[in-house]
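Since the structure comes first, as C-alpha cells, the remarks are kept for the end.
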Amino acid sequence: MTYAPLDLTGRIAVVIGGTSGIGHAIALGLAESGADVVPTSRRLEQVENAADEIEALERRSLRITSDVADRTSLQRLLDETVQAFGKVDILINSAGRTKRAPTIDFDEQDWNDILETNLTGTLRACQIFGRHMLARKYGRIVNIASLSTFVSLFEVAAYSASKAAVASLTNL
C-alpha cells in the first residue's frame, strides 16, 4: 500500500527549537512538504542557517529569535509571522534542555531551569499561538515529548519529569 505524500502547500508553520535536533529535522520536513517555515531559537546564527536551508527548498522563512522563557519574545514571534504571512497554521514546540546528573545531587536551580524551558515554555507558546488559532478557527499544535516520558533514563530526572508533564499537558 502506498500513501500520498504530505501536502502542506499554503500552510505556515512555526517551529520553536527548529534550529537543531528533532526540531530542525521537523522544520525541514515541513518545508519539503510545501509549508513556509519559521524556525526559531535563541541564537540568531542558528536561526539564519536553518532559514537558509528552508529557503533552499524554495519555501519562505523568517529570521526571528525567540526564548520560551520570555512571553514577550513569543508574542513578537507570532506578531511578526502573522505580519509577514497573514497567519500561523502549525506550531511545533520542540525547544528543550537537559542536564545529566545524579538525582540525589541535582541542583534545584538546574531543575527549575529545565522545567521552565521544557514545560512552562511549551505552555506559554501554546497559550500565545493557541489564541491566534482559536480566533481563526484553525490550527495544529504539536508538542515534542520524549521516550523518557514513558521509560526512565539514567541521570535525567528533571528532563524526564518535564517531558512527562508536556505529554500530560498535550493530552488535556
S61 side chain vs E55 backbone, donor-acceptor pair below 3.5 Å: no
Sequence neighbours excluded - salt bridge (Lys or Arg N to Asp or Glu O under 4.0 Å) pairs with any residue from residues 32-46: D36-R59, D36-R60
Distance (rounded to the nearest 0.5 Å) between R76 CZ and T40 OG1: 7.5 Å
Gap separating the CG atom of N49 from the CD atom of E53, nearest 0.5 angstrom: 7.0 Å
Side chains of Y159 and L153 in contact at under 4.5 Å (non-hydrogen atoms): no
Any residue meeting side chain to side chain contact (heavy atoms under 4.5 Å, CB included) with S162, in chain and number order, not counting sequence neighbours: I114, L115, N118
Note, I90 side chain near L8 side chain (heavy atom, < 4.5 Å): yes
Same apolar cluster: I128 and L123, side chain cutoff 4.5 Å: no
Residue that, paired with I92, satisfies side-chain contact (heavy atoms from CB on, under 4.5 Å) out of L30, I16, I22: L30
All pairs passing salt bridge (Lys or Arg N to Asp or Glu O under 4.0 Å) where residues 145-168 contributes a residue, at least two apart: none
Fellow cluster residues of L147, listed by chain then number, with links counted only when side-chain atoms sit under 4.5 Å apart: F150, V151
Side-chain heavy-atom pair I26, I144 within 4.5 angstrom cut-off: yes
Listed once per pair and sorted, the salt bridge (Lys or Arg N to Asp or Glu O under 4.0 Å) pairs that draw on residues 117-145, sequence neighbours left out: D89-R136, E116-R124
Donor-acceptor pair, side chain of H132 and main chain of V88, under 3.5 angstrom: yes
Set of residues satisfying side-chain hydrogen bond (donor to acceptor under 3.5 Å, both in side chains) with respect to Q127, sequence neighbours excluded: R71
Linked, directly or transitively: V68 and V15 (ILVMFWY side chains, under 4.5 Å): no
I64 reachable from F85 in the ILVMFWY side-chain graph, under 4.5 Å edges: yes
Sequence-distant partners of D52, salt bridge (charged side-chain N to carboxylate O under 4.0 Å, His left out), two or more places apart: R63
side-chain hydrogen bond (donor to acceptor under 3.5 Å, both in side chains) involving S94 - partner list, sequence neighbours excluded: none
Close side-chain approach of Q109 and N112, heavy atoms under 4.5 Å: yes
Pair listing, salt bridge (Lys or Arg N to Asp or Glu O under 4.0 Å) test, anchored in residues 101-112, at least two apart: K99-D110
Test item: S168 side-chain N/O and A164 main-chain N/O as donor-acceptor pair under 3.5 Å: no
Sequence-distant partners of E48, salt bridge (charged side-chain N to carboxylate O under 4.0 Å, His left out), two or more places apart: none
R97: salt bridge (charged side-chain N to carboxylate O under 4.0 Å, His left out) partners, not counting sequence neighbours: none
Closest non-hydrogen atom pair between W111 and F106, with its separation: N-CE2, 3.3 Å
Salt bridge (charged side-chain N to carboxylate O under 4.0 Å, His left out) involving D113 - partner list, sequence neighbours excluded: none
Derivation and outcome, side-chain hydrogen bond (donor to acceptor under 3.5 Å, both in side chains), residues T122 and N143: CA-CA 7 Å; T122 295; N143 296 325; 5.2 Å; no
Single-linkage hydrophobic cluster I12~I141, side-chain heavy atoms < 4.5 angstrom: yes
Smallest separation among heavy atoms of A31 and I54, with atom names: CB-CG2, 4.0 Å
Hydrophobic cluster identity match, V37 and L6, side-chain contacts under 4.5 Å: yes
